[in-house]
**Q** 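Just passing along the structure, written as structure tokens.
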Amino acid sequence: MSEASLWNGFSAAVRRDLLLAMRRKSDVLTTLFFFVIVTSLFPLGIGPETDMLRRIAPGVLWVSALLATMLSLNRLFAADYVDGTLEQMALSAVPLGVLVAGKVAAHWLLAGLPLTLLAPVLGLQFDMAPRSLAVMVASLAIGTPVLSLIGAIGAALTLGVRGGGVLVSLLVLPLYVPALIFGAGAVEADVSGLGSGAHLSLLAAMLAVAGFFAPWATTAALRIALE
Amino acid sequence: MSEASLWNGFSAAVRRDLLLAMRRKSDVLTTLFFFVIVTSLFPLGIGPETDMLRRIAPGVLWVSALLATMLSLNRLFAADYVDGTLEQMALSAVPLGVLVAGKVAAHWLLAGLPLTLLAPVLGLQFDMAPRSLAVMVASLAIGTPVLSLIGAIGAALTLGVRGGGVLVSLLVLPLYVPALIFGAGAVEADVSGLGSGAHLSLLAAMLAVAGFFAPWATTAALRIALE
Amino acid sequence: MLEADNLECVRGDRSLFRDLSFRVDGGQCLLVSGLNGSGKTSLLRILCGLLAPMHGTVRWRGQPIRALGDAYRSELSYLGHLSAVKEELSAAENVEVASALAGRSVPAQAARSALAEAGLRRREDLPVRVLSQGQKRRVALARLLLGGSTLWLLDEPVTALDADAVKWLAGEIDRHVARGGVAVLTSHQDLPLATAPLQTLRLRA
Amino acid sequence: MLEADNLECVRGDRSLFRDLSFRVDGGQCLLVSGLNGSGKTSLLRILCGLLAPMHGTVRWRGQPIRALGDAYRSELSYLGHLSAVKEELSAAENVEVASALAGRSVPAQAARSALAEAGLRRREDLPVRVLSQGQKRRVALARLLLGGSTLWLLDEPVTALDADAVKWLAGEIDRHVARGGVAVLTSHQDLPLATAPLQTLRLRA
Amino acid sequence: MSGINWFRFSSPQSFYPLAAKMIPWFSALAVVFGVIGLYISFFVAPTDAQQGEAYRIIFVHVPASWMSMFLYLVMAFWAAVGMAMNTRLAGMMASAIAPTGAMFAFLSLWTGSLWGKPMWGTWWVWDARLTSELILFFLYLGFIALQSAIDDPRRADRAGALLAIVGVINIPIIYFSVQWWNTLHQGASVSLTRAPSMAKTMLLGMLLMALAFWMYSIAVSLSRARAIILERERHTVWVEELSELNQ
Amino acid sequence: MSWNSATEFFAMGGYAFYVWGSFGIAAILMAGEMLLVRARRRAAFLELGREIVARRAGGR
Ligand code: HEM
Ligand SMILES: Nc1ncnc2c1ncn2[C@@H]1O[C@H](COP(=O)(O)OP(=O)(O)OP(=O)(O)O)[C@@H](O)[C@H]1O
Ligand SMILES: Nc1ncnc2c1ncn2[C@@H]1O[C@H](COP(=O)(O)OP(=O)(O)OP(=O)(O)O)[C@@H](O)[C@H]1O
Ligand SMILES: [Mg+2]
Ligand SMILES: [Mg+2]
């Protein structure tokens, strides 16, 4: 298969998922709203002391972003599996891995990217300093693709499995832990004067590893699900 | 329809959902695991200082319980809708409202109840005092049925709607806020010596109202979804 | 028994049919035919009360079905494009559970023999998920037979069925009508029905 | 062109068929028949490589399909029990998008005319959700026709189709075979095919 | 060595009787090591100067922690073998090991907490080692939940294998990330000090207990594997003959 | 030997709950696991017997 047609397949997959998302706009918006609402629940559940809120802000924002991404995972493959589109993708002349990479990219564009852009606004609610906000955005920008990539494996593994929707969180959340630690840690390291560089570069290294392995593992999982 | 056969219909609905849950045991367990994992994510995001963790514990536990219940909502009606069972239930000789009440009861037995029982163990991880743990359990025991009842409305409203899975959280979370405030508030009130009685009785009042209205509203929403 | 009075159905912005009236009595069978998209499914859903018609009324034993409510539903069985079987449960459990939910519990033995009649002997305890397309449809049909209801509304019941099963189903419909029941069917295939009073209603889009 | 060599298929713990061998050449059509659950769907999924057979090999132009991979898939179109249409997209978008994903983009005009041929003229821009069961199936068939592939694997393609559509589809299959293509079909209904070299394979459970 | 046809044992049919022969040996070894280990733990090892008798928990805690990590590697190894060579037995071994591994992970958490309460005054702290053990426990549970959610054994094996392999890549990442996360906040807030003289008996006791746990794990996984073989191969002729022998 | 009496041994220097709680749960879990495995094997055999009987009766 030529490189051009691989690229065509990739972009066809991205464009298709974006088109579908345009049709069900609520899908994208609700991921965002979920993020907003969960972060806002914390001050309600914990109480309004600014001091404490500022300290827990990076953690809360990251955990919420992580949960929001995770919740949107089940729309990654489930619908395509149920209506037979995934079967057709597996039978496409374009290698399945390329189409999967396209779908994951679209997922990030629709979930991770908007979350990253929205995070600073929510950070203000917690009275975070501008500098911390910048670090926060950087860590989310590098970290959310990792979440999409790893999440795709979990979503593929639980396809057509009983109770898949919640099972995916069980599989994926433990794997998300390093991203969470370095992501939220980056902000705290910056606040405590240690500099966020080390955390961010570890996050970037994780992105590289995930970008390399995850599409492969996801494809393998999809083929298993289709048997 | 006689009272006995109403009761039969109700218990048939409960038993059926319990049977289905037995078949996919992982379903019930994963709601629990989700609860456990989410509560454990917070210390990872926020940091390990016992002092701070103890203070945010009630909020974190309640938010996690709320999220776990909410995530299990989409298994309440979605599967029955997709495979046509809901249609058949709407055409049953038993009034739909009774069947719906049965399904909501089963949902609580499978989600809210286990969460309530598990909460004290997780509370220990946050180093909560035994007395706070008791109040926590009481507040969850009264509060989780409210979550199931209100959640059912949201689940019914988003049936067959594009992107329902995430939309439901958008609809339901705002309605959950009062339960969260009083539930997590009860523990804090107790710690600060104000006594948790007032909070708990407000929660109980909410349960009464929800128990009265929610099945009716859910039934109406289901009929709309089936048109 | 079942009367449709001046029904009009609008889906989206198109009117599928209007001024549609008919009457099917006990011991009769109505076959609704028409091209794809002519409104057969919509009509059946109106007849069972899932869909509200734009105009007109459906009557059962002379009374509007809206007024009858549960009383009407307790006499009716509907089989749609969706089979309403739970993939996780075994075939036998499916039939039992569905009957209980419909408010007509049946003993386990009855469920098993209905399944055996539907050609699923020795597959009663397999989870439905592993059954083939036609076998799933047979589970739904077994449930129908057990209902013991007077009015059958069947939307393309023979989908995915093999020739033997089609013949068996036609026989069951015959017996139901002979017993004084009412059946309303849609189908794109010919059904080998032997019942005498067969009306045909042709919808055109 | 397409050869099956000593295939055995095991589902769960039952062997559906074993030592199954056949060969279909260009310009031929193979009709797989059998009762519900006899393994027709499983056979078709093995032929397209979605399911691995327990034993045996499938060959295309003399080579095992596992080895051919994408090269094989670029010559094949499969239509299963599931239609693979997106309910949110319009019929036209469905066809375009599916072709692009299959690695064979088509111009918008071609998609629309294929839909028109499939009897969906003036419904090209409706979301598929509001189409009737048969109309949804036609969208899937339109996609098939555009593929331009040599091997058609169709699992009960006439499900939900009305008589006119069945006739049209049979004509399309005839033309495909006449062009030198290969078609493997399953169906419980009779298909009015005119193609001369029609083999029939009967699976028995 | 080369005389033995190892491949032969990769079929469930020949593995089944072989395992039956091996189980008593490993069980006996487990008992022997266990008895000596317990003797050393309770009667040879002296009382710790700072921790009193509470430190004796170490003789079950550390071996359990070791086993929980080691068994994950073994499980992932079998999973990978199953994926690569497509042998049924490897998948069965992986599923046979998982519950035992989860059990040891739970045991490590439980005994660790019971140790922490008298030593640190709390049941749990979010320390790096504890946290990563907790995550390991979740990984086991995920594996078990995934497999039990899939009916078709072939599919369950392959899906589980993929998850186990992904998990094994992640374990070092998780381990180091947690360590990093934690050391940033607090230094070594807790450290176990022990007299050097007792280090040797302690190490010996721990090793013996670890050996006992190891032998136990082998025995119990083998017999679980036998049960799984019976469940999965029940339609083969050899199992049918086997059950006749048993009746 | 550091123990003077059985009571002293069981008291574990005041840490009885923690020490015996650890060793006890270890013993219980392992014994329980062995019982579960055995039950699983038994169940597999029972199922097998039932199926063989059914197979013989039903022909195949
Ligand atoms: C829930 C709580 C705990 C968990 C999950 C846990 C987990 C672990 C793990 C995984 C290991 C093996 C690590 C390795 O070999 O490198 C270990 C070893 C050890 N743990 Fe714990 N632990 C817990 C609590 C405690 C407590 C409270 C203490 C002491 C006060 C303790 C003392 C030790 C010691 C001394 C070792 C041996 C270290 C070595 O051999 O290098 N642990 N624990
Ligand atoms: N919400 C809607 N908006 C626009 N058109 C709709 C809507 N819902 C249904 N339709 C149209 O109504 C028509 C009737 O659909 P229906 O399912 O009743 O047909 P049918 O006779 O059962 O067809 P089939 O034989 O294919 O099952 C179809 O043409 C469909 O496109
Ligand atoms: N995982 C499984 N476990 C046990 N049996 C299975 C499994 N998967 C499929 N089967 C069985 O395999 C048989 C073949 O199914 P298949 O879908 O191939 O049949 P088919 O010929 O296409 O039938 P239909 O005409 O009803 O579509 C069925 O009897 C089914 O019960
Ligand atoms: Mg229809
Ligand atoms: Mg089939």
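Proteins come first, then strands; the chains are lettered A, B, ... in the order of their sequence lines, and each starts at number 1. Hydrogens, waters and symmetry mates are skipped; everything else that's a heavy atom, side chains included, is used.
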**Q** Hydrogens and angles aside, do A:Ser139 and A:Trp62 bring a side-chain donor and acceptor to less than 3.5 Å of each other?
**A**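 Yes - a donor-acceptor pair under 3.5 Å links their side chains.
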**Q** Using a strict 4.0 Å threshold on nitrogen-to-oxygen distance, state whether D:Lys136 and D:Glu87 make a salt bridge.
**A**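 Yes, charged N to carboxylate O under 4.0 Å.
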**Q** For the candidates D:Leu101, D:Val97, D:Leu51, which exhibits the highest count of non-hydrogen atom pairs separated by less than 4.5 Å from chain A?
**A** D:Leu101
**Q** Around atom CZ of D:Arg121, are there more than 12 heavy atoms from other residues, nucleotides or ligands closer than 6.0 Å?
**A** no
**Q** Examine whether an atom of A:Phe10 lies under 4.5 Å from a heavy atom of chain D, and if so say whether it belongs to the side chain, the backbone or both; otherwise answer neither.
**A** neither
**Q** So what's closer than 4.5 Å to chain D heavy atoms on A:Val98: side chain, backbone, both or neither?
**A**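 No part of A:Val98 comes within 4.5 Å of chain D.
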**Q** What I want to check is whether the side chains of D:Ser33 and D:Arg202 have a donor and an acceptor closer together than 3.5 Å.
**A** yes
**Q** Looking only at heavy atoms, which of residues 212-227 of chain A get nearer than 4.5 Å to chain D?
**A**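 At a heavy-atom separation under 4.5 Å, chain D is reached by A:Arg223, A:Leu226, A:Glu227.
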**Q** Is D:Ala52 in contact with chain A via its backbone, its side chain, both, or neither, using a 4.5 Å heavy-atom distance?
**A**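 Both the backbone and the side chain of D:Ala52 come within 4.5 Å of chain A.
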**Q** Please confirm whether the backbone N or O of A:Asn8 pairs with a side-chain atom of A:Ser5, one donor and one acceptor, at under 3.5 Å?
**A**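 No: the side chain of A:Ser5 does not pair with the backbone of A:Asn8.
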**Q** Between A:Arg15 and A:Asp17, is there a side-chain N and carboxylate O pair less than 4.0 Å apart?
**A**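 Salt bridge between A:Arg15 and A:Asp17, a charged N being under 4.0 Å from a carboxylate O: no.
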**Q** Please answer whether the main-chain N or O of D:Ser74 pairs with a side-chain N or O of D:Arg104 as donor and acceptor at a distance below 3.5 Å.
**A**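 Yes, because the side chain of D:Arg104 sits within donor-acceptor range (under 3.5 Å) of the backbone of D:Ser74.
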**Q** Measure distances from D:Ser90 to the heavy atoms of chain A and classify the residue's part below 4.5 Å as side chain, backbone, both or neither.
**A**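 Interface part for D:Ser90: backbone (N, CA, C, O).
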**Q** Is D:Asp174 salt-bridged to D:Arg179, cutoff N-O under 4.0 Å?
**A**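 Here D:Asp174 does not pair with D:Arg179 in a salt bridge, since their nearest N and O are not under 4.0 Å apart.
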**Q** Among A:Ser11, A:Gly9, A:Ala12, which residue has the highest count of heavy-atom pairs closer than 4.5 Å to chain D?
**A**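 Ranked by heavy-atom pairs under 4.5 Å with chain D, first place is A:Ala12.
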